[in-house]
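Here's the structure we're looking at; comments come further down.
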Protein chains: 2
Amino acid sequence: MNDSSHPKNSPAPERARRRKSGGITLADVAKLAGVAPITASRALNTPDAVSPAVLERVKEAVARTGYVPNLLAGGLASRKSRLVAAVVPTIAGPVFMETVQALTETLAASGYQLMLGQTGYHNSREDALLDAIIGRRPDGIVLTGIMHSAEGRRRLIASNIPVVETWDLTATPIDMLVGFSHEKIGQAVAEYLHAHGRRKVASISGTDERAERRNRAFSDAARALGMAPMGQVPTVMAPPPTTIGSGRAGLAELLAKAPEVDAIFCSSDMLALGVLIEAQARGIKVGQDLAVIGLGDMEFAKDANPALTTVRLDGTTIGRTAARFIIDRTEGRPIATKVCDIGFSIVERASV
Amino acid sequence: MNDSSHPKNSPAPERARRRKSGGITLADVAKLAGVAPITASRALNTPDAVSPAVLERVKEAVARTGYVPNLLAGGLASRKSRLVAAVVPTIAGPVFMETVQALTETLAASGYQLMLGQTGYHNSREDALLDAIIGRRPDGIVLTGIMHSAEGRRRLIASNIPVVETWDLTATPIDMLVGFSHEKIGQAVAEYLHAHGRRKVASISGTDERAERRNRAFSDAARALGMAPMGQVPTVMAPPPTTIGSGRAGLAELLAKAPEVDAIFCSSDMLALGVLIEAQARGIKVGQDLAVIGLGDMEFAKDANPALTTVRLDGTTIGRTAARFIIDRTEGRPIATKVCDIGFSIVERASV
DNA sequence: TTGAAAGCGCTAACAC
DNA sequence: GTGTTAGCGCTTTCAA
């Protein structure tokens with residue numbers, strides 16, 4: 001420590017004396033181990049770069065003092081925060097949960113920590129949130145869904161922080177991309193129902209932008225396949241979050257306006273489960289009279305009665321891949337590609 | 001800036017020249033605005049402390065440069081990271097989701113950011129996670145469920161960081177506490193079923209420690225009330241995460257060993273929904289032949305068929321209160337109490 | 001393999 | 001109200 005810093009009545013211009021936090025610092029550990037601070041730092045970060053004897057002494061000093069490195073200081077000096085930010089509309093929907101969980105786990109395994117930001121389904125908080133995130137100089141930012149405000153995109157690009165957009169494919173990614181095509185899902189579901197003999201399809205769709213794109217693709221394909229006798233596909237919109245309740249209400253509304261419907265595409269498994277429950281309450285035989293297909297393959301889908309046919313989206317793979325992208329980039333490993341289409345699959349069960 | 005720092009061929013000992021990141025810093029903004037860095041800092045952090053003219057010029061400089069303050073540096077200097085850490089077993093269970101969401105929102109509203117850590121249901125990663133968290137010097141740590149390892153408790157106390165334990169009450173909190181009594185829940189459920197004429201109760205319980213405590217209290221109270229004809233309460237254990245599937249299997253197992261059961265206490269709504277589905281598949285009339293009560297009052301409980309009676313736990317209030325505790329403490333506001341019992345309630349619906 | 005010096009970008013503590 | 005100075009606790013750079 002600086003010997004000249006202790007208060008003395010010297011005639012020299014005496015100025016702003018400073019705090020001294022009281023916490024244990026690397027300097028304390030170094031002193032106890034009888035080495036320079038930088039050596040202690042090396043013992044902790046690159047143990048191979050110091051002699052075994054020194055390593056031993058530093059480790060002991062750490063144990064004795066209970067020293068925990070200040071990663072804020074380390075991050076400031078090294079320009080690596082080992083922090084990754086994730087932005088989700090909300091974690092309350094089980095859709096992104098899986099991704100967030102996989103992210104946290106994969107990151108933790110490599111010594112990174114996750115910072116979580118929720119925008120709500122409105123984009124208003126997006127910009128403020130972005131500043132709060134960029135200000136912490138994370139090593140990467142994972143966006144679920146696309147970042148929308150032009151201002152936000154600009155700031156992200158200017159920040160020079162690796163960005164992974166997820167849960168969608170777009171022609172103009174900010175940086176990296178892990179997702180699947182919502183259009184293809186809508187089309188695939190229509191074809192699937194057609195292949196199973198359904199001819200009068202309908203849909204219950206969430207109002208978020210991605211669900212609407214799926215639904216549009218579904219309607220278009222259904223019309224093309226002649227599954228929309230009245231010229232268009234009856235649709236009920238359900239505001240987020242999609243619930244069992246909106247599923248029940250959705251079926252009721254659908255039957256009122258189009259009683260002859262023989263298949264329903266629900267934009268989430270929650271909605272589909274609601275449809276199942278409402279159908280049961282009305283004595284409609286799902287699987288025979290009515291086909292129901294959901295989206296998400298949530299844990300309960302296979303246990304529903306009847307078991308729910310659904311579009312499986314692998315949130316875990318998305319989270320893991322996104323984490324890998326960022327870790328590889330941060331640690332200077334070459335990455336083969338910046339875009340990853342993880343696809344989707346239709347899980348066939350009894351409800352169709 | 002330091003005039004003597006530009007390279008010149010002086011005879012003085014010439015040493016470690018340093019990086020220069022290229023990013024825009026407060027110094028750049030200050031220079032552009034024609035003020036000292038500290039004045040620019042004040043304009044951003046305590047706008048009331050500078051003259052309107054200066055405020056204006058600094059704001060403009062920020063806008064022109066796209067400056068985003070480096071909160072790592074700020075945090076290091078001010079010893080305030082405006083970061084709060086939350087530790088949850090997993091966010092995959094919908095139980096803690098609500099709390100995490102309320103935390104994120106309440107914190108964001110005051111300019112704090114949430115850092116998320118998952119321990120998994122095993123305590124092994126707890127200590128490593130704790131170091132990763134403490135190293136970032138968060139302004140507060142929110143623990144869901146109690147922190148268990150003695151070592152962990154010691155480190156937390158030594159770190160001097162405000163801690164809020166949640167989702168439980170304990171006689172020996174580390175610091176602050178927001179929760180409810182699991183014992184009282186078990187007892188209240190037993191009494192509730194008794195009051196509704198049930199006399200042969202059983203339970204399906206998760207294997208986590210809190211569920212087991214609830215279940216023990218439930219069994220004890222049930223026996224005391226004469227609701228355990230065979231001397232003890234039949235129980236099926238379900239490992240985490242509790243699912244609809246384990247609920248269905250649980251009911252099957254329960255009926256096999258105790259067919260006369262007339263009420264079941266499920267330690268989560270997911271389990272209860274599984275029981276409902278299985279009962280329906282077996283033609284058992286829930287609400288008449290069999291009473292079912294869940295826990296959590298999750299969104300789908302009211303939409304189940306029949307609607308699910310359940311113990312309501314207010315995760316949102318827990319999250320909000322915990323955030324308040326930490327913000328108030330950090331900003332030096334006096335807090336009235338360190339412990340908050342938010343209680344619980346039984347939501348009466350058709351399943352009992 | 002080890003160390004001394006010089007910051008990373010910001011704010012606390014004073015002085016004017 | 002504004003500026004000067006001295007760090008926060010760490011790591012990079014360069015030298016031995």
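Naming: A, B, ... by sequence-line order, numbering from 1 per chain.
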Please tell me if A:T39 has a side-chain N or O lying less than 4.0 Å from either OP1 or OP2 of C:dT1.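 Indeed not, no polar side-chain atom of A:T39 lies that close.
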Quick one: does any side-chain atom of [X] pair with a main-chain N or O of [Y] as donor and acceptor, under 3.5 Å?
X      : Y      : result
B:R153 : B:S149 : no
A:T46  : A:D48  : no
B:T321 : B:T317 : yes

If you only use heavy atoms from C-beta on, which nucleotide in [options] is closest to the side chain of [X]?
X     : options               : result
B:R79 : D:dC8, D:dC10, C:dT11 : D:dC8
A:S41 : D:dT11, D:dT2, C:dT11 : D:dT11
A:V50 : C:dG9, C:dT2, D:dT12  : C:dT2
A:I38 : D:dT11, D:dC10, D:dG3 : D:dT11
A:S51 : C:dC10, C:dT1, D:dT11 : C:dT1

Counting only distance, no hydrogens or angles, is the base of D:dG3 paired donor-acceptor with the side chain of B:R42 under 3.5 Å?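 For B:R42, whose side chain was compared with the base of D:dG3, there is a donor-acceptor pair (under 3.5 Å).
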Separation of [X] atom [atom1] from [N] atom [atom2], in whole Å?
X      : N      : atom1 : atom2 : answer
A:L72  : C:dG9  : CG    : C1'   : 12 Å
B:R137 : D:dC10 : CZ    : C1'   : 11 Å
A:N70  : C:dC10 : CG    : C1'   : 14 Å
A:N45  : D:dG9  : CG    : P     : 17 Å
A:L71  : D:dC8  : CG    : P     : 18 Å
B:K80  : C:dG9  : NZ    : C1'   : 18 Å
B:L76  : C:dA12 : CG    : P     : 12 Å
A:L44  : D:dG9  : CG    : P     : 16 Å

Check B:V87, B:L103, B:T99 against B:V142 for a side chain to side chain contact (heavy atoms under 4.5 Å, CB included) and give me the one that passes.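 Among B:V87, B:L103, B:T99, the one meeting side chain to side chain contact (heavy atoms under 4.5 Å, CB included) with B:V142 is B:L103.
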With a non-hydrogen cut-off below 4.0 angstrom, is B:P37 in contact with a base, only sugar-phosphate, or nothing?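 Result for B:P37 = nothing.
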Taking the nucleotide of DNA chain D with the nearest heavy atom to each, does B:A73 or B:D48 sit closer to the 5' end?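 Comparing both residues, the 5'-ward one is B:D48.
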Presence of salt bridge, B:R155 and B:D131, under 4.0 angstrom: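 Judged by the 4.0 Å cut-off on N to carboxylate O distance, B:D131 and B:R155 do form a salt bridge.
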